[in-house]
Amino acid sequence: MVNVNVGGPTTAEPELVVMDSKGGRAPPAGAPPGGQYQMVKYVGCCTMVIGLVLMIPTCCCPCDSKEHYIAPNGTHYMPTGAIDDKYGPCKCC
């Protein structure tokens with residue numbers, strides 16, 4: 001039998017959340033201030049699986065959701081700061 005000492009419990013450092021001057025979350029890097037965070041629907045893996053299992057077109061009824069920062073001009077940003085135009089129903093509808 002081998003005894004292994006792992007040195008005690010470890011804890012992850014909590015993620016730092018940057019707040020804006022009004023107490024809300026700051027916009028992602030590169031995004032203009034004044035927008036808001038929202039959950040948006042998009043056509044993703046769950047939507048595709050449901051469509052395949054039920055054998056119905058689901059591209060117009062997105063089932064997946066993700067968080068976006070929506071700028072005052074309507075541009076959608078991912079929390080990482082990248083612009084994301086993949087939200088809502090599929091563009092083919």
Determine whether Lys66 and His76 make a side-chain contact, defined as any pair of heavy atoms from C-beta on separated by less than 4.5 Å.
no
State, to 0.1 Å, how close [X] and [Y] come at their nearest heavy-atom pair, and which atoms those are.
| X | Y | result |
| --- | --- | --- |
| Pro28 | Tyr37 | CD-OH, 3.4 Å |
| Tyr42 | Thr47 | O-OG1, 3.7 Å |
| Tyr77 | Gly30 | OH-O, 4.0 Å |
| Tyr69 | Gly35 | OH-N, 2.8 Å |
| Glu67 | Pro79 | O-CD, 3.4 Å |
| Pro32 | Pro27 | O-CB, 3.9 Å |

The remaining residues in the hydrophobic cluster of Met39, counting side-chain heavy-atom contacts under 4.5 Å among Ile, Leu, Val, Met, Phe, Trp and Tyr, are none
To the nearest 0.5 angstrom, please state how far the CD1 atom of Ile50 sits from the SG atom of Cys61.
10.0 Å
What's the spacing between His68 NE2 and Thr75 OG1 if we round to 0.5 Å?
11.5 Å
Indicate, with yes or no, if Tyr87 and Ile70 share a hydrophobic cluster defined by side-chain heavy-atom contacts under 4.5 Å among Ile, Leu, Val, Met, Phe, Trp and Tyr.
yes
